Protein chains: 2
Amino acid sequence: MIRTNLKLVAYTENLFNSGEYDIWKEEFGPKQKIIEQDHRYNKIYLIKSGIAKCYISDENGKEFIQEFLGEGMEFGELEFFNKGYTICSVESITALKVFVFSYASFNQLLDSDRQFNQLIMKALADKIRYKAPRHSYQHSYPIEDNLIRLKELFPEFTEIISKKDIANYIGVTPRSLNRALKELKEKSDQF
Amino acid sequence: MIRTNLKLVAYTENLFNSGEYDIWKEEFGPKQKIIEQDHRYNKIYLIKSGIAKCYISDENGKEFIQEFLGEGMEFGELEFFNKGYTICSVESITALKVFVFSYASFNQLLDSDRQFNQLIMKALADKIRYKAPRHSYQHSYPIEDNLIRLKELFPEFTEIISKKDIANYIGVTPRSLNRALKELKEKSDQF
DNA sequence: CACTAAAAAGGACATTTGTCCCACAAAGAA
DNA sequence: TTCTTTGTGGGACAAATGTCCTTTTTAGTG
């Protein structure tokens with residue numbers, strides 16, 4: 001549920017420490033909007049510690065959470081490749097420490113550091129691999145099954161992430177989420 | 001709805017014609033399964049002409065279509081990057097002509113041909129960018145709105161793709177799709 | 001042509017989920 | 001403390017979608 005990429009963050013740490021590249025650190029408090037949908041930026045972020053949410057919001061203000069981003073997850077990189085506007089907003093949930101690459105340094109690294117290039121390529125592929133079955137499952141099964149699945153994957157999710165965010169992640173209303181949670185509880189209380 | 005990548009197919013055509021790489025052509029009839037979920041392969045496909053569907057099926061036989069693949073779309077590449085099993089099956093809809101890369105040649109190209117590397121990177125990023133808003137929209141809006149949207153994007157979709165596939169793409173049952181189509185028709189007949 | 005199989009359309013009913021409320025508790029601000 | 005505000009929980013009903021089944025249409029085959 002909260003995605004991570006430990007290899008990438010370790011590698012970035014080394015790049016940063018080498019001092020050879022235009023990479024720096026930034027920090028954010030909780031609930032700060034870091035990038036906003038439909039805008040242009042010229043830097044790429046990589047989470048060093050903390051949790052953020054990446055979401056799309058529509059005209060009616062509905063939010064749909066794409067991913068919860070943990071250590072080692074990058075954002076802003078898609079816009080680098082496509083030279084377009086952001087499709088998601090990213091907002092910190094907890095306090096956040098990030099590495100930031102300028103477009104120039106990111107490009108330079110992709111060109112000259114084959115290992116970095118491979119890590120980024122794999123990170124992109126992972127994002128695709130992860131999204132596919134998740135959306136498929138969410139469409140095909142009732143909310144309850146999705147919750148059971150979440151709980152197995154990430155038992156403490158209710159403590160860290162708000163109900164509203166969980167609902168937006170699963171793609172249902174908070175009301176429906178509540179109903180499903182109650183059902184689950186009643187079922188487990190029988191034993 | 002049917003995704004394409006004309007630059008990539010043109011570039012691959014050139015690579016193939018150069019004869020310097022381990023790239024060859026294959027052909028398939030309609031409705032042939034080309035790769036199967038949860039298997040390993042050691043080649044990467046790129047569509048030269050025709051249309052295929054990429055879908056996930058679950059234990060209960062439900063299919064969820066991820067993408068309709070047209071000219072220039074590749075598949076089998078995610079497994080190359082992650083060294084894992086396929087998460088989707090791919091099946092031709094029309095007759096299909098494809099280029100096939102051996103893993104060795106694909107790897108060699110990524111390493112030595114910066115332009116190829118960039119094209120693949122961009123193709124991965126495009127897949128992510130495309131998926132995100134689509135699933136978001138499908139979750140947030142009723143079937144009818146989704147159909148209107150599809151029709152604007154791709155007016156002739158009902159002629160090429162079967163109702164069942166369209167339903168599996170939107171993530172609903174054929175029955176619900178029919179209902180929505182009928183509603184739409186009645187509404188447009190009023191004018 | 002007649003026959004079969006597959007795709008499409010839709011009726012009737014059950015279930016799930018959403019909408020619109022209101023109530024209550026927890027956290028922060030005055 | 002008291003007063004907001006925000007998150008949470010849930011009742012009652014409406015709407016959307018699924019399930020199961022039957023009928024019709026279409027496409028293909030001997």
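Note that this is a predicted model, so its numbers are computed, not measured.
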Aromatic [Y] / basic [X] pairing, under 6.0 angstrom, 45° off normal:
X        : Y        : result
B/Lys122 : A/Phe80  : no
A/Arg134 : A/Tyr169 : yes
B/Arg3   : B/Phe68  : no

Expressed as a whole number of angstroms, how long is the span from [X]:[atom1] to [N]:[atom2]?
X        : N      : atom1 : atom2 : value
A/Ile166 : D/dG7  : CD1   : P     : 13 Å
B/Phe64  : D/dG18 : CZ    : C1'   : 16 Å
A/Glu183 : C/dT16 : CD    : P     : 8 Å
B/Leu177 : D/dT17 : CG    : P     : 11 Å
A/Ile143 : C/dG18 : CD1   : C1'   : 10 Å
A/Asp145 : C/dT16 : CG    : P     : 10 Å

Note to self: Categorize B/Leu181 for me: base, sugar-phosphate, or nothing, with a 4.0 angstrom heavy-atom threshold over every strand shown.
What the structure shows: nothing
If you go through the side-chain atoms of A/Arg179, does one of them form a donor-acceptor pair with the base of C/dG18 closer than 3.5 Å?
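Checked by distance alone, the answer is yes.
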| said: Using side-chain heavy atoms (C-beta onward) and a distance below 4.5 Å, is A/Tyr55 in contact with B/Ser136? | reply: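 A side-chain contact is absent here, since even the closest heavy-atom pair is not under 4.5 Å.
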- request: Respond yes when some side-chain nitrogen or oxygen of B/Ser176 is under 4.0 Å from OP1 or OP2 of D/dT17, and no when none is.
  value: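 Looking at the OP1 and OP2 atoms of D/dT17, neither is under 4.0 Å from any side-chain N or O of B/Ser176.
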| message | So, does B/Lys163 get its side chain near the phosphate of C/dA9, meaning an N or O under 4.0 Å from OP1 or OP2? | response | yes
Closest of D/dG18, C/dT17, C/dA8 to the B/Ser162 side chain is C/dA8
Terminal axes of the helix from C/dC1-D/dG30 to C/dA30-D/dT1 (5 end pairs apiece), angle rounded to 10 degrees, sit apart by 40°
**Message:** With side-chain hydrogen bond (donor to acceptor under 3.5 Å, both in side chains) as the criterion, how do A/Asn5 and A/Tyr11 come out once you've worked through the C-alpha distance, each side chain's angles and the decisive distance to 0.1 Å?
**Reply:** CA-CA 10 Å; A/Asn5 188 340; A/Tyr11 199 83; over 6 Å; no
